[in-house]
Amino acid sequence: MLQLHYIRENKEEVITRLAVKNLDARVSIDQVIELDAHRRKTQNELDSLLNEANILAKQIGELMKTGKKPEAEELKLKTAVIKEQVKELEAALKTQEDELNKTLVLLPNIPNKQVPKGKTPEENETVFSYGEIPHLYEQAQPHWDLITKYDLIDFELGVKLAGAGFPVYKNKGARLQRALINFFLDRATAAGYMEIQPPILVNEASGYGTGQLPDKEGQMYHVGVDNLYLIPTAEVPITNLYRDVIVKAGDLPIKNCGYTPCFRREAGAWGAHVRGLNRLHQFDKVEIVQVAHPDKSYEILEEMREYVAGLLRELELPFRILRLCGGDMSFASALTYDMEVYSAAQKRWLEVSSVSNFETFQSNRLKLRFREAEGKPQLAHTLNGSALALPRIVAALLENNQSAVGIRIPKALVPYTGFDLIS
RNA sequence: GGAGAGAUGGCAGAGUGGUCUAUUGCGGUAGUCUUGAAAACUACUGAGUGUAACAGCUCCGGGGGUUCGAAUCCCUCUCUCUCCGCCA
């Protein structure tokens with residue numbers, strides 16, 4: 001959520017920069033500023049009334065104590081009028097606050113100055129590429145055929161148990177999942193991230209804290225009887241660890257990582273282009289999360305991007321890094337890099353990671369702050385990135401490394417799989 | 001699931017209707033003393049809102065109520081602990 005005082009003091013800048021996200025925010029911003037002025041006026045009136053009431057109450061107490069009951073009774077009559085007014089103002093204040101909040105919550109984060117203008121993914125900016133696009137042999141197959149050929153994953157069984165998009169991993173397919181998870185977690189902890197194993201169901205407050213609610217309610221699976229949500233990413237529980245927390249400036253940056261299954265309804269997103277592992281309702285992911293000092297967060301974003309790139313190099317996958325344009329960025333992000341690997345048989349780039357700086361957008365909702373030696377607590381910056389999401393990595397590994405003898409496992413993974421070839 | 005107890009500042013823990021602008025201890029910060037440190041002593045030490053700065057206002061788990069006045073009384077929700085039951 002954007003900070004009110006920032007909007008108030010930088011109105012034109014906010015409107016201009018939100019336009020990069022293709023949003024004409026002038027009307028909303030005007031509305032926010034007006035509602036806010038209105039609200040503050042009401043608050044002011046209410047405060048002075050309460051002040052009056054407090055003073056009267058003290059006087060009455062004093063009179064009662066000294067036995068001057070008639071005088072006390074007289075003052076009591078005065079308070080009745082004030083109480084009536086207080087009630088009215090309180091009701092007005094609540095309405096005004098709700099209205100303001102409703103408008104404010106719908107405003108996306110302001111994009112960083114580096115964010116390119118644009119509406120579609122085609123307008124994302126490629127900032128880096130690595131590796132050669134592999135030339136496959138004549139009989140090369142897309143991963144969904146390789147999966148069947150080597151008996152790695154059973155989608156039919158998944159349909160039987162849950163539905164489309166819930167794969168059942170088998171044999172070396174299951175082992176490969178476990179290997180990737182361990183590989184990613186080992187690398188993350190070696191890079192200084194503390195491993196977390198969070199709940200994979202979260203309450204409403206957590207969904208709100210990281211920005212999934214109220215914006216994307218329909219994307220999450222909801223367990224109605226208990227009013228809990230299945231997490232769409234480990235970002236939600238791990239970032240929410242720091243909800244309502246004030247940390248010492250010296251403890252920043254805080255680096256956490258965690259493996260969880262992720263659940264996404266992907267309502268209406270089904271079609272031929274999401275075949276195989278390209279899009280699922282349940283998938284595995286290792287996530288990295290940082291809580292950073294505002295002065296350091298962009299430096300840290302680059303560091304996180306480099307970290308993820310390093311993983312892709314180790315996996316020997318060709319990849320490119322995109323700086324997302326305004327139109328392709330998420331609601332809460334100020335700057336996002338997408339990492340895409342090339343999946344050679346599909347001849348497609350697949351997004352396997354998204355690394356973002358949210359600046360204070362999440363921490364404002366979370367009330368996640370840090371304290372310097374001097375001065376008041378201030379909002380920290382939050383960042384996160386996938387490191388990495390498994391299914392599309394598996395797709396690319398299978399497709400790019402296939403040959404007549406089988407599928408080669410990259411060297412870095414062999415200690416984790418225990419085999420170097422799927423045949 | 002049943003019965004009981006409880007939720008107060010970074011932590012511990014007082015406070016059952018009126019300077020509570022919340023006792024006290026620990027922790028933290030600064031100072032005095034000291035060659036330096038420790039100890040001792042002194043002062044300061046929650047958050048939000050608001051203001052040019054003060055003032056003011058709000059917050060004792062959440063929400064509602066009684067009262068001139070609520071941490072304190074009432075209702076309700078959530079959570080925690082203890083015992084019993086069940087159980088990987």
Side-chain angles (χ1 to χ4, degrees), chain A residues 1-9 32-101 104-105 197-209 213 222-229 237 240-252 254 291 360-380:
Chain A
M1 186 156 67
L2 297 178
Q3 296 179 74
L4 251 180
H5 70 89
Y6 191 86
I7 297 178
R8 213 186 293 150
E9 284 155 27
V32 163
I33 289 177
E34 197 195 314
L35 285 168
D36 177 50
H38 204 180
R39 192 212 84 219
R40 280 190 296 160
K41 188 165 161 271
T42 311
Q43 178 83 63
N44 242 314
E45 288 168 12
L46 177 63
D47 282 358
S48 22
L49 269 183
L50 287 172
N51 182 21
E52 243 179 277
N54 285 344
I55 291 169
L56 281 174
K58 263 180 200 158
Q59 287 174 348
I60 291 169
E62 217 37 57
L63 290 170
M64 298 288 258
K65 226 191 256 170
T66 50
K68 296 177 180 161
K69 228 177 167 192
E71 284 95 328
E73 288 304 326
E74 204 173 306
L75 283 186
K76 276 195 197 179
L77 294 176
K78 271 173 104 176
T79 62
V81 184
I82 294 179
K83 271 177 87 172
E84 212 37 59
Q85 287 174 306
V86 164
K87 231 179 212 172
E88 272 171 42
L89 281 176
E90 273 177 345
L93 187 65
K94 190 166 180 344
T95 314
Q96 288 163 15
E97 274 175 350
D98 287 351
E99 222 173 305
L100 176 60
N101 210 31
L104 204 54
V105 136
Q197 238 186 71
I200 60 177
L201 284 115
V202 295
N203 56 25
E204 241 175 297
S206 300
Y208 177 81
L213 296 175
H222 183 217
V223 183
V225 268
D226 296 301
N227 195 24
L228 294 171
Y229 293 88
N240 270 281
L241 294 174
Y242 300 95
R243 172 151 46 87
D244 291 316
V245 168
I246 303 177
V247 300
K248 288 193 207 113
D251 292 340
L252 299 175
I254 294 167
V291 179
T360 58
F361 194 82
Q362 290 182 331
S363 59
N364 191 30
R365 289 194 186 193
L366 292 161
K367 300 210 183 346
L368 160 52
R369 292 164 294 171
F370 69 96
R371 197 197 304 271
E372 306 266 21
E374 297 287 321
K376 289 203 159 195
Q378 41 178 321
L379 295 175

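Heavy-atom basis, side chains included; hydrogens, waters and symmetry copies ignored. So that the names make sense, note that chain A is the first sequence line, chain B the second, and so on, each numbered from 1.
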statement: Every stem of 3 or more Watson-Crick or G-U pairs under 3.5 Å that RNA chain B joins, in order of first number, is B:1-7 with B:78-84, B:10-12 with B:24-26, B:27-32 with B:40-45, B:46-49 with B:56-59, B:61-65 with B:73-77
- request: Identify, with sequence neighbours excluded, every residue that meets side chain to side chain contact (heavy atoms under 4.5 Å, CB included) alongside A/Asp36.
  value: A/Leu4, A/Arg8, A/Arg39, A/Arg40, A/Leu100
- prompt: Which value, in whole Å, describes the distance between the P atoms of nucleotides B/rG6 and B/rG15?
  reply: 12 Å
message: Check this for me: A/Gln85, atom CD, are more than 12 non-hydrogen atoms of other residues, nucleotides or ligands nearer than 6.0 Å?
response: yes
Provide a list of protein-nucleic acid N or O atom pairs under 3.5 angstrom, restricted to nucleotides 73-79 of chain B.
none

- line: ring pair (Phe, Tyr, Trp, His ring centres under 6.0 Å) filter on A/His222, not counting sequence neighbours, yields A/Tyr229
field: Gap in Å between the two C1' atoms, one belonging to B/rA7 and one to B/rU42, rounded
entry: 36 Å
message: Quick one, A/Ile60 and A/Thr79 - any side-chain contact, counting heavy atoms below 4.5 Å?
response: yes
message: So if I define the base as every atom that isn't primed, P, OP1 or OP2, how would nucleotides 47-70 of chain B read as a B/S/- string at a heavy-atom cutoff under 4.0 Å?
response: SS-SS----BSS---------BS-
query: Taking everything shown except A/Glu372 itself, do over 12 heavy atoms lie less than 6.0 Å from its CD?
result: yes
- request: Among residues two or more places apart or on two chains, list those pairs meeting side-chain hydrogen bond (donor to acceptor under 3.5 Å, both in side chains) that have a residue in residues 241-252 of chain A.
  value: A/Ser206-A/Arg243, A/Asn240-A/Arg243, A/Tyr242-A/Asn256
Distance, C1' atom - from B/rU76 to B/rG69, rounded to whole angstrom: 23 Å
